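Step one of this worksheet: look at the structure below.
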Amino acid sequence: MSPVHYVALSVILFVIGGVGVLVRRNAIVVFMCIELMLNACNLAFVAFARMHGNLDGQVIAFFVMVVAAAEVVVGLAILMAIYRARRSASVDDASLLKY
Amino acid sequence: MTTLTGTVLADAARAQALTAVPATGALKLSWLLLAFPLFGAAVLLLGGRRTDRWGHLLGCAAPVAAFGYGVTAFFTLLGDRDRSQDQHLYSWIPVAHFQVSVGLLVDPLSICFVLLITGVGSLIIIYSVGYMWHDSDRRRFFGYMNLFVAAMLLLVLADNYLVLYVGWEGVGLASYLLIGFWQFRSSAAVAAKKAFVVNRVGDAGLTIAIFLMFAEFGTTSLTGVFGGVRSAGSGVATALGFLLLLGACGKSAQVPLQSWLLDAMEGPTPVSALIHAATMVTAGVYLLVRSNPILALAPDARMAVAIVGTVTLLFGGIIACAKDDIKRSLAGSTISQIGYMTLGAGLGPEGYVFAIALLLSHGFFKAGLFLGAGSVIHGMDDEQDMRRYGGLARFLPVTYVTFGLAYLGISGIPPFSEFFTKDPIIDGDFTEHGTGGWVLGICALIGAGLTAFYMTRMLLMTWHGRRRWAEGAHPHESPPVMTGPMILLAIGSVGAGAFLIINDRLQGFLAPVVGVPPVPHGLFSTAGIVALVLALAGIGLGWVMYGRVPVPATAPRGSFPVVAARKDLYGDAFNESVVMRPGQWLTRLSVYFDNRDIDGLVNTIAAAVGGTSGRLRRIQTGFVRSYALSMLFGAAVLVALLLAVRL
C-alpha cells in the first residue's frame with residue numbers, strides 16, 4: 001500500500017488549515033482551521049501506522065484527539081468570555097495585550 | 001655570645017617554670033576573684049532603682065571580697081613559690097584542631113596584678129562613695145567600676161591569649177562607659193569615643209597577633225604559644241613582638257597612641273585614678289611582661305619597645321610640665337611613668353622585674369595623687385585649674401600630707417618608692433642595647449629631672465604661695481570615707497618601693513615567670529646617683545620658678561615649647577593631619593569614585609538594557625495572526641533544519 005495519496009491529502013488539508021489561521025479574522029473559523037491542521041496530522045499518523053503495520057501512530061492519533069477536545073473546551077470558553085465583553089469575535093480586535 | 005647563651009639558659013629555666021600544675025587547695029576557687037566584682041556589676045546594672053539605697057555598699061564589698069581572696073591566694077602561692085597554678089574552668093571553643101579552654105593562671109606575676117587591682121581598686125571605690133555622694137547616677141557608676149575591675153582581673157588571670165583578649169576588650173568597654181560617665185557634657189562624650197577609637201587601633205595589633213599565633217602554632221594558650229615560638233624562628237617572634245607592642249601602645253597610652261589618655265580626664269576623678277593606677281594603662285605593660293618568652297627571641301622588637309618607652313616618657317614629662325589643669329598634668333605624668341615601665345620591659349630580663357616594681361609602686365602613688373587631686377577639686381567646687389589654687393595646705397591638711405607623701409614617692413628621692421624602682425631601669429639602659437642604650441639612658445635621666453620638676457610645680461602651685469581662688473570658694477577637707485583611702489595609699493607610696501626592692505623580694509618572687517636580671521643591681525648605681533642629682537635640680541628649678549616668685553592667676557603666654565606642651569605637643573594636630581584628614585580625603589575620593597565610576601557603570605548598563613528592551617517590545621503588537629505567522633515560519637525553519645541535518 002502506498003501512503004502517497006494519504007500524505008498528499010494530509011498536506012493539502014494542513015495548508016488549507018494553516019492559511020485559514022493566518023488569513024481569517026473570525027476566531028471560530030480560526031479554531032476550525034486549527035482543528036483541520038490537527039486532523040491533517042492525524043491522517044498522516046494513521047497512514048504511516050498502516051504502512052508500517054503497527055499501532056503507534058493510531059495511538060498518537062487518539063492522544064491528539066483528546067488534546068484537541070480539551071483545547072476546544074478551553075478555547076471556546078475564552079472565546080465566549082471575550083465575545084461577551086467586547087461583542088466581537090474578531091482576533092484582530094482582541095489586541096490589548098501588547099507593548 | 002655569652003649573653004645569648006645566658007638568654008637561652010634563662011629561657012629553658014623559664015619554660016620549666018611555666019609548666020603550670022592544676023590548681024589545688026584554696027587556689028581551686030580562683031574563679032571567685034572574677035565572680036565577686038562581676039556579681040556586683042550584674043546586680044547594680046540589672047537591679048535598677050531598687051538597688052539605689054545600698055548599691056554603693058555592694059559596689060565596695062565586691063572588690064574588697066576579691067581582695068580578701070587575693071591575699072589568701074597570695075600566701076598560698078608564697079608557700080610554694082616555684083609553681084604556677086592553672087585552673088581549667090570550662091571548654092570554650094572545642095572545634096576539631098582548635099581547642100580554647102577558659103582557664104585562670106595564678107602565678108607570681110598575675111597575683112601581683114590581682115593584689116594591685118583589687119587592693120588599690122577597692123580603696124578608690126571606697127573613696128568614690130564620698131566623691132560621688134551627690135551624683136544621682138551613683139549606682140550606675142559603681143556598677144561600671146566593678147565591671148572595670150572584673151575585666152581587668154580576667155585580663156591578668158587568663159591562661160590564654162583569646163581569653164586575655166576578652167578581658168582586654170572588657171577593659172576598653174568599661175573605660176569608655178566611665179570616661180563618658182557624665183555623657184551630658186559633650187566633651188566627656190567625645191573623650192570617651194576618642195579613647196575607644198584610639199584603643200581600637202592598638203587592639204588591631206593584638207588581634208592580628210592572636211591570628212598569627214593561631215596560624216603558626218594552632219593554639220592561643222600561653223604555654224602553647226611560648227612553646228611554639230621557640231621552634232618557630234625569629235621572624236615569627238619579631239612579628240609577634242611588634243604586634244604586641246602595638247596592642248600595648250593602645251592600652252598603655254604610649255606614643256603614637258597616647259592622645260586618648262589626656263582627654264580621658266573628662267571622667268570623674270576616681271575613674272582617672274582607677275584607669276591610671278590599677279587598671280587599663282597597666283594592661284599594656286602586663287601584656288609585654290607576660291609575653292617575655294616572645295620578646296626574648298625578638299631583640300628587634302624589644303629595641304622598639306625600649307624606644308617607644310623612652311620617647312613616651314619624655315613626651316609625657318614635657319606635657320606634664322606645662323599643663324595648668326591638675327588632672328591633665330597628672331595624666332601627662334602617668335604617660336611618662338608608663339613610658340618608664342615600657343622601657344623597663346624593653347630591657348629584657350634586666351628590666352622586667354623593675355618594670356613591675358615601678359608599676360606596683362606607681363599604683364600607690366598615682367592613685368594617691370589622683371585621689372588627692374579629687375579631694376582638692378571636691379573642696380574647690382570642681383575647679384581644676386592650678387592657677388586658681390594656691391595656699392591650700394592649711395585648709396585641707398590631711399589631703400596635703402597624703403599628697404605630699406605621694407609626691408615624695410614619685411620624685412625619686414631616697415628612701416621613697418621611685419628611687420628604688422626607676423633608677424634600676426635607667427641604669428639598665430646603659431648596659432643593654434649597646435650604644436643606643438646610652439641614648440635611651442640619657443633620655444631616661446632627663447625624664448627623671450622632668451618628673452621632679454613637674455611634681456614640684458604641681459605641689460607648689462596647689463598647696464603653697466598666695467591664694468588665687470575664684471570668688472566665693474570655700475575649700476574644706478573631705479569626709480573620712482575619702483581621706484581614709486588616701487592615708488592608706490600614702491603609706492603604700494612611701495614604703496612600696498623599698499619593700500619590693502630591698503632584699504630582692506619582688507625579684508625572687510617573680511623569678512619563675514620573668515627570669516632574673518643577669519647583673520645584680522646595687523642600691524646606688526652611678527646612673528642612680530646622676531638621676532638623684534637631676535631630680536634635686538628639677539626640684540630646685542621648680543622652686544625657683546613657682547615657689548620663690550608668685551604664680552600669676554592667668555597663664556602667661558609662654559614660649560614656643562610651653563605652648564606646644566600645653567597643646568599636648570601637637571599630638572592631636574598630628575593625628576588630625578596625618579590620619580584624620582587623609583582619611584577624610586580618601587572617603588571623599590571613594591564617594592566621588594563611587595558616584596561617578598561605579599554608579600556610572602551600573603547606570604549605563606541599566607540604560608542600555610532599558611533602551612534596547614524599549615525598542616524590542618515593539619515586536620509585541622498584540623496582532624494574533626502575525627504571531628501565528630511567526631510560529632509558522634519558526635516551525636518551517638525548524639523542519640528545514642532537521643531535514644538539513646538528516647540529509
Side-chain angles (χ1 to χ4, degrees), chain A residues 7-8 10-45 48 60 64 67-68 71-72 74-83 85-99, chain B residues 197 200 580-647:
Chain A
V7 173
S10 168
V11 168
I12 291 167
L13 287 176
F14 191 89
V15 170
I16 291 172
V19 171
V21 168
L22 289 180
V23 301
R24 297 303 298 261
R25 290 194 180 80
N26 192 327
I28 299 193
V29 179
V30 172
F31 248 116
M32 282 156 51
C33 290
I34 290 172
E35 291 302 314
L36 201 56
M37 290 163 80
L38 287 171
N39 281 312
C41 295
N42 278 349
L43 182 59
F45 275 126
F48 282 113
I60 289 181
V64 171
V67 171
E71 179 228 324
V72 169
V74 176
L76 282 180
I78 293 172
L79 209 70
M80 289 287 285
I82 289 177
Y83 185 79
R86 316 170 67 88
R87 290 280 147 205
S88 153
S90 166
V91 289
D92 285 5
D93 289 347
S95 65
L96 271 183
L97 194 64
K98 60 180 177 187
Y99 51 82
Chain B
V197 170
R200 298 302 313 169
M580 195 192 95
R581 300 235 176 269
Q584 283 182 332
W585 289 334
L586 196 67
T587 328
R588 276 193 217 120
L589 196 70
S590 35
V591 167
Y592 178 72
F593 179 73
D594 182 51
N595 279 346
R596 211 197 59 164
D597 295 329
I598 307 276
D599 285 7
L601 185 69
V602 172
N603 288 342
T604 311
I605 293 174
V609 170
T612 317
S613 50
R615 283 180 188 83
L616 274 179
R617 71 189 178 144
R618 295 277 157 198
I619 297 170
Q620 298 284 328
T621 53
F623 194 45
V624 178
R625 289 184 297 147
S626 78
Y627 297 168
L629 189 64
S630 55
M631 279 164 70
L632 185 72
F633 265 114
V637 168
L638 216 59
V639 169
L641 280 176
L642 279 174
L643 287 176
V645 172
R646 288 286 294 277
L647 290 178

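All values reported here derive from a predicted model rather than from experimental measurement.
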- Write down the atom of B/G622, the atom of A/S95, and the distance for their closest heavy-atom approach. O-CB, 3.0 Å
- Item | Best-contacting candidate, A/V91, A/D92, A/L97, against chain B by heavy atom pairs under 4.5 angstrom | A/D92
- Give, for atom CG of A/L22 and atom OH of B/Y627, the distance between the pair rounded to the nearest 0.5 Å. 14.5 Å
- Backbone of A/V21 reached by a side-chain donor or acceptor of B/R625 within 3.5 Å: no
- B/L632, part contacting chain A, at a heavy-atom distance under 4.5 Å: side chain
- Query: Got a sec: does the CE of B/M580 have more than 12 other heavy atoms crowding it under 6.0 Å?
  - Reply: yes
